[in-house]
There are 2 protein chains.
Amino acid sequence: MARGNPPRQQLSRARVVQAAIELADAEGIEALSMRHLAERLGVVPMALYKHVGDKEDLLDAMVDELIGQVRAAEAGETGPAPTPDPTPGPVRASGAENTPLPAGQPDWADAIRRTILATRTVVQRHGWARRVIETRTVRTPTVLGHMEHLTQLFLRGGLSPDLVHHVMHALGNRIWGFSPELFDESPGGRTRESRSRAEQPDPADYPGIIAIATDAAARRPGATGCDEEFEFRFALDLLLDGITRLQESGWTSTPGRLTPED
Amino acid sequence: MARGNPPRQQLSRARVVQAAIELADAEGIEALSMRHLAERLGVVPMALYKHVGDKEDLLDAMVDELIGQVRAAEAGETGPAPTPDPTPGPVRASGAENTPLPAGQPDWADAIRRTILATRTVVQRHGWARRVIETRTVRTPTVLGHMEHLTQLFLRGGLSPDLVHHVMHALGNRIWGFSPELFDESPGGRTRESRSRAEQPDPADYPGIIAIATDAAARRPGATGCDEEFEFRFALDLLLDGITRLQESGWTSTPGRLTPED
DNA sequence: ACCTGAACACCGTTCAAGT
DNA sequence: ACCTGAACACCGTTCAAGT
């Protein structure tokens, strides 16, 4: 094998994950094979298995790494420089500017919007991220932390655990910074019995998620899991309601409003 | 090879697609390989390539088949028997019953809801459908027809092409009958240069889609494709607006309302 | 403890040959 | 026209062996 391409270094999980992200960025997710990745690292394929459980574990770790960058992206977007300014001042609901719909949303909505748009920024940097996130079935601590963060923003905004629960479902994959690309072309549960590295998550770390899960369980005694049909109809109704109101108000898009010149 | 398992029949595209759906239903999408499928049909792998272009084409055809069943499912759900009753009578906005949110939506919303819930019914019958739909990048005539149908329901409801455009984006993959499963576990554009079978779609078949695409193009001269960020923010705002209203009204879920006993 | 070599049981797809 | 056989260039992962 052509070995010694890179300046051979001690292998580690972080190095493997980093190399995998770079490979997927450079050659696409379909080019990310254990063999190809090993070759890039100047190592035999089996060497990787000391640091990742299997390929799925590697993909989990790649997503984990990206979501871990969200908080930094959020801080970096509010201020121009990535250096965090410790003087907060009166934070006048930024992020509320340049929204397509008429304003008038509470502060918690601005905070939610900021976090979700920061997630979008990170995810958009990697063409493969959306597709990989959609196939994940295990929630790593970082991913749970992201959901916990959003849950807390809603709860602290005064929403009931009941409402937060349904609202998280309704936001759906927009929480991950993407929505489906419907018009790209115009016409013409995996269960893992053993995790390779991550210990079982500690419920104490996710009080918000626990709160809404507990509330949901209390409302539906004897039921296991969510009432997926209810959640689906809830989100659908929420959208149809909003659409109805927009139509009645004679809303028209003004995309120019989104440009910085505005 | 163990051949002659099934009562050997002339191979055809329809038979290949049907067998692929049955295999995916029975053994899961990860068990659907060209070789495995060929074995099931008592045929050598390469025989399949006379009827499907490649594996992606096969997956496209499987989705095409499912979406083609939506109209029948919609008819079958309104009435108890699948035999269509030709006496319409005063259609009192059915489908508006048993929705999680307070009523008060116009007739077009009921029609949209019925179609989307019928899509959901079909998709839910096949565990693999959601994942496969999400990876499709070519729109078959049947899939375009489904989007055209929904577009027309909005346009005939009186929504402007502009609003319909954004609204289709906002509904996102709920159009396909699913939304992401966020809480399954609690803590603790491909471009194809030659299509195997489908001729280029005829724009005349999709006037609604053309109408909203034309309108969108006119609003953003010089732009190619959608303003994805605008669409993302539009949907996000729509949801945040609706959530704000629900909170202010003190909404609480009553899942029991969804049961037939209500 | 960490990496290697060889092997196993698969993939999708090609080409030239059969009937 | 439709199917076959053999081959190519890949996969993820195992096991026992090396250092």
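Just so it is clear: chains get the letters A, B, ... in the order the sequence lines come, proteins before strands, and each one is counted from 1. This is a predicted model, so every value here is computed, not measured.
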How would you list, by chain and number, every residue that makes a side chain to side chain contact (heavy atoms under 4.5 Å, CB included) with [X], sequence neighbours excluded?
| X | result |
| --- | --- |
| D215(B) | P161(B), D162(B), R219(B) |
| Q124(A) | R120(A) |
| A14(A) | S12(A) |

We want to know whether D60(A) and T140(A) form a side-chain donor-acceptor pair, criterion being a heavy-atom distance below 3.5 angstrom.
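No donor-acceptor contact under 3.5 Å links the two side chains.
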
Rounded to whole Å, how long is the line connecting atom [atom1] of [X] with atom [atom2] of [N]?
| X | N | atom1 | atom2 | answer |
| --- | --- | --- | --- | --- |
| D57(A) | dG12(D) | CG | P | 14 Å |
| L37(B) | dC11(C) | CG | P | 11 Å |
| I29(A) | dC11(D) | CD1 | C1' | 15 Å |
| L41(B) | dT4(D) | CG | C1' | 16 Å |
| L48(A) | dC11(D) | CG | C1' | 14 Å |
| L32(A) | dC11(D) | CG | P | 10 Å |
| E30(A) | dC11(C) | CD | C1' | 16 Å |

In chain order, what residues pass the side chain to side chain donor-acceptor pair (under 3.5 Å) check against E65(A), with sequence neighbours excluded?
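If we apply the side chain to side chain donor-acceptor pair (under 3.5 Å) test to E65(A), skipping adjacent residues, the hits are Q69(A).
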
Using 0.5 Å steps for rounding, measure from the [atom1] atom of [X] to the [atom2] atom of [Y].
| X | Y | atom1 | atom2 | answer |
| --- | --- | --- | --- | --- |
| R113(B) | R233(A) | CZ | CZ | 7.5 Å |
| L23(B) | M62(B) | CG | CE | 8.5 Å |
| L48(B) | R15(B) | CG | CZ | 10.5 Å |

Where protein sits on nucleotides 13-19 of chain C, one letter per nucleotide: B base, S sugar-phosphate only, - none, heavy atoms under 4.0 Å
BBB----

Give a yes/no answer on whether the side chain of Q10(B) brings an N or O atom under 4.0 Å of OP1 or OP2 in dC3(D).
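Answer is yes, contact under 4.0 Å.
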
For a quick test of reading the model: is some side-chain N or O of H51(A) closer than 4.0 Å to OP1 or OP2 of dC3(C)?
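Result: yes.
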
Using Watson-Crick or G-U wobble pairs with both distances under 3.5 Å, give me DNA chain C in dot-bracket, 5' to 3', with [ ] for crossers and | for pairs to another strand.
||.|||||...|||||.||

Would a line drawn from the ring center of H169(B) to the ring center of F230(B) be shorter than 6.0 Å?
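Not under 6.0 Å, so no.
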
